[in-house]
Structure formats: C-alpha cells, structure tokens
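First up is the structure itself, then whatever we jot down about it.
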2 protein chains.
Amino acid sequence: MPDSAIRPRKEFGKTIAADITHRLREEIIACGLAPGEPLRFDVLRERFGASFTTLREALTALAAEGLVDAQEQRGFRVAPVSRQDLVEVTDARVLIEVELIRRSIERGDDDWEIAVISTLHRLKRIEQRDPEHPLRDPEWKIAHRQFHQALVSACGSATLLAIRAELFDRAERYRHLSANFRPRPRDKAGEHQAIMQAAISRNADLAVQLIEAHIRSTSDNVATYAGHLLDAE
Amino acid sequence: MPDSAIRPRKEFGKTIAADITHRLREEIIACGLAPGEPLRFDVLRERFGASFTTLREALTALAAEGLVDAQEQRGFRVAPVSRQDLVEVTDARVLIEVELIRRSIERGDDDWEIAVISTLHRLKRIEQRDPEHPLRDPEWKIAHRQFHQALVSACGSATLLAIRAELFDRAERYRHLSANFRPRPRDKAGEHQAIMQAAISRNADLAVQLIEAHIRSTSDNVATYAGHLLDAE
DNA sequence: AACGGTATGATTTTCGAAAATATGATCTGG
DNA sequence: CCAGATCATATTTTCGAAAATCATACCGTT
C-alpha cells in the first residue's frame with residue numbers, strides 16, 4: 001500500500017541533493033537564473049524547498065562544472081559570461097569534439113549508426129512540428145542534445161565524454177542567452193543532416209569539418225546577437 | 001592581540017570545506033586513501049575533524065573531479081583504478097597537453113620563458129639533493145607539478161588549463177600507485193631538460209613530440225609496475 | 001536445508017539552529 | 001565635510017541531532 005499518499009519527496013530514487021543539482025543546472029543553462037546573479041540561500045531555499053546544506057552541496061557540484069562561481073565566504077553566484085569565456089568554451093569544444101567524432105567514426109558499430117540515425121530522425125520530427133523557436137521547446141533541446149551525444153558516443157572514452165558534456169552545457173547556456181535576440185534560427189536541420197551522412201558514410205575528414213563549422217557558426221551567432229550582454233559585466 | 005592562542009581552526013582565510021577538499025585531494029592522489037576504499041563519515045570525521053555536511057561538500061566536489069565515486073544512497077568511495085581508466089586519462093592528457101604546449105609556445109612572452117626556466121631549475125636542485133625516491137618528497141612533487149604547469153601556462157585558456165589540471169591529478173595518483181614497486185626512477189631529469197629547451201627555442205613540433213613521449217612512457221611504466229593492482233578490482 | 005520476509009543495527013542523508021563572517025550604517029575626531 | 005573606527009544587520013558557513021535508507025541476521029514456512 002502506498003503510504004506516501006501525500007506526495008513523493010523527490011523526483012526519483014536519487015538523493016535530494018542530486019535532484020537539486022540537476023534542477024539548478026537546467027535552470028542556469030536556460031538562463032532562468034541570469035549570469036552573474038547572486039545565489040542567496042534564502043531565495044533558493046524557498047524556490048527549491050531544500051535546506052542550507054543540501055543546497056550548498058548542489059552549488060559546490062555545479063561550481064566544479066563551471067556553471068556556478070563560488071566566492072569564498074561571500075556565497076555563490078551564477079557563473080558570469082564574457083566574450084573571452086565564450087571563445088574558450090568554443091575552442092575547447094572544437095578540440096575535443098573533433099577528436100571524439102574521429103574516434104567514433106573509426107570505432108562505431110551498427111548500434112552506433114542506429115543511434116545516430118534515430119536521434120536525428122526524432123530531432124527532425126520535432127522541428128517539423130514547431131519550427132519557430134526550437135530552444136524554447138524542452139523536447140527539442142533534449143533531442144538536439146541526444147543527437148550530438150550519439151555522434152560521439154562510440155569514442156570509447158568515458159573521461160572525454162564527461163568533459164565534452166560539461167562544455168556542451170556551458171555552450172548551451174550561451175545559445176539560450178542569444179535566443180531572445182536572434183531573429184530566426186538558421187538552417188540547422190540541413191547541417192545536422194549533412195553531419196549525420198558524413199558520419200554514417202565514415203567520411204571522418206568531412207564530418208570533422210562540418211562539426212567544426214557547426215560549432216563555430218553557432219558561437220559566432222551568439223557573439224553577434226548577444227554581444228551587448230557579453231561586454232557589460 | 002592574537003586571541004586564537006589555542007590554534008587556528010583552518011589552514012588559511014578559506015572556508016573549512018575548501019580546506020578539507022584540498023587535504024582530501026592530496027591524500028587520495030598520494031594513495032594514503034587507497035583506490036576503491038569506502039569513505040565512511042565516522043572515519044573521515046575523526047581524521048579531518050569536520051562535520052558530516054562539511055565532509056559531504058568536499059566529497060561532492062572531488063566526485064566532480066573524478067577522484068571520488070559517489071554511489072547514491074550508499075556513500076562515497078575513493079575512485080577505483082583500472083587499466084581502462086589509465087588509458088583514458090593518458091589519451092586525454094596527450095590530446096590536451098599537446099594542444100596547450102603548442103599554444104603556449106606560440107603565445108608565451110618573456111615572463112613565460114622565465115617561469116619555465118626557473119621552475120625547471122628548482123626541480124633539478126631538488127633532484128640533486130635527494131635523487132632516490134622523488135615521489136615521496138613533497139617538495140619534488142610540488143616543483144614537478146609547477147614545471148609542467150609553467151610549460152602550458154601561456155596557452156590563454158583558463159578553461160583548458162582547469163581540465164588539464166584535473167587530468168594531471170588523476171595521472172599523478174597512478175604514478176604514486178606504482179612508485180612502491182618501480183625499481184628506480186628513469187631519467188626524468190634529462191627529459192624535462194629537453195622539453196624545456198624545445199619550448200624555449202620555440203620548436204613546437206619537437207616539444208610536442210617530447211611531451212607526448214614523456215606522458216606515454218610514464219603511463220607505460222605504471223602499467224608495467226602496478227599492473228597487478230589494476231586488474232584486481 | 002532453502003527460501004522469503006521481517007526486524008535490527010549500521011550508515012548515509014537531511015534538516016534547522018547556532019557560530020562565523022561580511023556588509024552597510026552610524027558615529028566620532030580631524 | 002571627509003576618513004576611519006564601531007556597531008548592527010544580513011548572509012554565509014558549520015555543526016550535531018533526527019530522519020531516511022541500506023545491509024544483515026534472524027525466524028518461520030515449505
């Protein structure tokens with residue numbers, strides 16, 4: 001008999017701290033918490049319904065991921081954004097993602113091909129349904145993330161995948177930052193399609209070239225349309 | 001008047017949590033806490049003199065760095081070691097360090113050259129003094145770390161430097177693991193000297209080649225002399 | 001004896017109060 | 001009127017007790 005008739009305290013079998021970490025991460029990436037904004041415990045306590053120490057644990061984890069800035073004895077704040085940081089994240093992503101694509105193309109088996117094709121398929125479906133503002137659609141965000149994840153998933157290095165994931169999150173925050181000012185999304189569907197085809201046909205050089213262009217053009221877009229937000233800090 | 005006549009509660013103006021994080025990191029790297037060993041709070045509480053939540057915060061931070069393994073609802077343990085992990089860390093280090101050396105050689109100014117030369121000088125001094133078991137000498141460890149840090153310090157990317165630092169720590173733990181079984185340290189002094197010269201003379205290709213060989217041979221050494229520790233887990 | 005379920009003890013996880021520290025306002029002497 | 005010290009308030013940081021969860025030994029049934 002389910003005596004938890006009142007309500008489930010946490011999302012899923014995890015700890016509350018892990019749950020809060022996840023929710024805070026999403027909120028920071030989506031810029032629901034603005035870059036540089038102070039993260040006061042009273043406010044967080046009310047918003048997330050957890051105690052001081054649990055929140056502190058979550059913030060510490062996010063600080064290690066580069067999404068939160070811990071200022072000793074003076075609390076936490078959302079990691080600030082800057083042109084320099086955007087350039088660094090972009091460069092690091094290119095360096096690592098290019099390497100992982102190469103390895104995945106070399107090592108990927110049938111399951112990998114299936115994952116790449118099916119995640120792209122789902123992404124295109126969602127884009128057809130509502131082609132207007134993809135970043136505002138949580139489903140699109142997840143599908144987009146999963147497609148790029150699938151591309152590199154066969155690289156064979158959990159270590160590099162973890163690093164890649166952190167950089168992807170940091171980059172996604174910048175995309176959100178510019179989403180409100182960008183007039184209209186460019187033709188991402190075509191780019192994704194081309195990347196998929198290059199990967200599946202094991203054309204590593206082409207895939208690498210396309211991925212690098214994809215990452216850099218996204219970054220340029222952010223710099224163009226959110227530039228005024230990057231200098232102010 | 002120093003009324004803290006009893007004793008200073010923490011290392012330095014930092015928070016206790018940050019201090020514990022630092023001490024725990026050092027201890028794990030030095031294998032004072034063995035790979036895979038459970039990290040029970042009662043034990044840690046006694047050893048480090050901090051409360052549950054403070055320790056929890058430190059462990060969470062180290063989990064994000066890959067030195068601690070967090071098992072939901074079942075506590076923490078020192079991150080296990082394995083051949084696979086050693087290979088991953090080595091590969092990731094080569095990928096990143098090679099890139100950072102290139103950038104540093106391209107961008108490094110006079111101060112960078114001075115830092116490289118002087119950190120190597122100090123390292124050699126310490127090696128002369130006691131050439132036997134360098135890893136057991138805390139001063140050698142610090143000097144060694146600072147030399148390698150100096151080499152890449154001019155790369156211009158704080159993001160990549162942070163990633164590099166984490167990987168360096170994880171690799172250093174493997175070095176400690178094999179230190180007890182390695183008959184005698186190979187000629188690291190010569191290797192460091194050659195790397196320094198290649199860097200200062202701006203011979204990027206040579207420096208990259210030497211660094212890669214340096215990293216890989218260290219890793220091979222670990223696999224050879226600590227192999228029996230890597231399969232057991 | 002083997003199996004499944006239950007109670008017991010050990011351990012982790014969470015909480016809110018209390019201590020420590022920073023921030024900001026007020027006062028004093030120059 | 002300004003600079004520096006002093007106090008009051010706001011906020012973070014730390015603590016140990018209490019709740020939740022997991023591991024294990026025990027017991028009854030087949």
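Labels below follow one simple rule: chain letters A, B, ... track the order of the sequence lines, proteins then strands, and each chain is numbered from 1. Values in this document were obtained by computation on a predicted structure and should not be read as measured data.
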Intermediate values then yes/no, side-chain hydrogen bond (donor to acceptor under 3.5 Å, both in side chains), B:T159 and A:R170: CA-CA 11 Å; B:T159 299; A:R170 287 170 65 179; 3.3 Å; yes

Sugar-phosphate only, base, or nothing, as touched by A:L44 at under 4.0 Å among non-hydrogen atoms: nothing

A:E37: partners by salt bridge (Lys or Arg N to Asp or Glu O under 4.0 Å), with sequence neighbours left out: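 Counting only residues at least two positions away or on another chain, A:E37 forms no salt bridge (Lys or Arg N to Asp or Glu O under 4.0 Å).
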
Within this structure, what is the [atom1]-to-[atom2] distance between [X] and [N], rounded to whole angstrom?
X	N	atom1	atom2	answer
B:Q73	D:dA19	CD	P	17 Å
B:R40	C:dA10	CZ	P	12 Å
B:F76	C:dT12	CZ	P	9 Å
A:D42	C:dT23	CG	C1'	15 Å
B:E46	C:dT11	CD	P	14 Å
A:I16	C:dT14	CD1	P	5 Å
B:K14	C:dT21	NZ	C1'	17 Å
B:R45	C:dT12	CZ	P	12 Å

Salt bridge (Lys or Arg N to Asp or Glu O under 4.0 Å) contacts touching residues 38-57 of chain B (sequence neighbours left out): A:R56-B:E57, A:E57-B:R56, B:E27-B:R47

B:E99 side chain to A:L95 backbone, donor-acceptor under 3.5 Å: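 Checked: no pair found.
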
Exam field: side chain B:S104 to backbone B:I101, donor-acceptor pair closer than 3.5 Å: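 No.
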
Phosphate OP1/OP2 of D:dT11 contacted by A:R74 side-chain N/O (<4.0 Å):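 No.
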
DNA chain C-proximal residues of residues 52-65 of chain A, any heavy atom under 4.0 Å: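 When residues 52-65 of chain A is checked for heavy atoms under 4.0 Å from DNA chain C, the hits, listed by number, are A:F52, A:T53, A:T54.
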
A:H144 and A:H192 aromatic ring geometry - parallel, tilted or perpendicular at 30°/60° bounds: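 Ring orientation of A:H192 relative to A:H144: tilted.
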
Whichever of B:A50 and A:L39 has its nearest DNA chain D nucleotide further upstream toward 5': A:L39

Test: A:R175 cationic atom under 6.0 Å from A:F181 six-membered ring centre, within 45° of axis: no

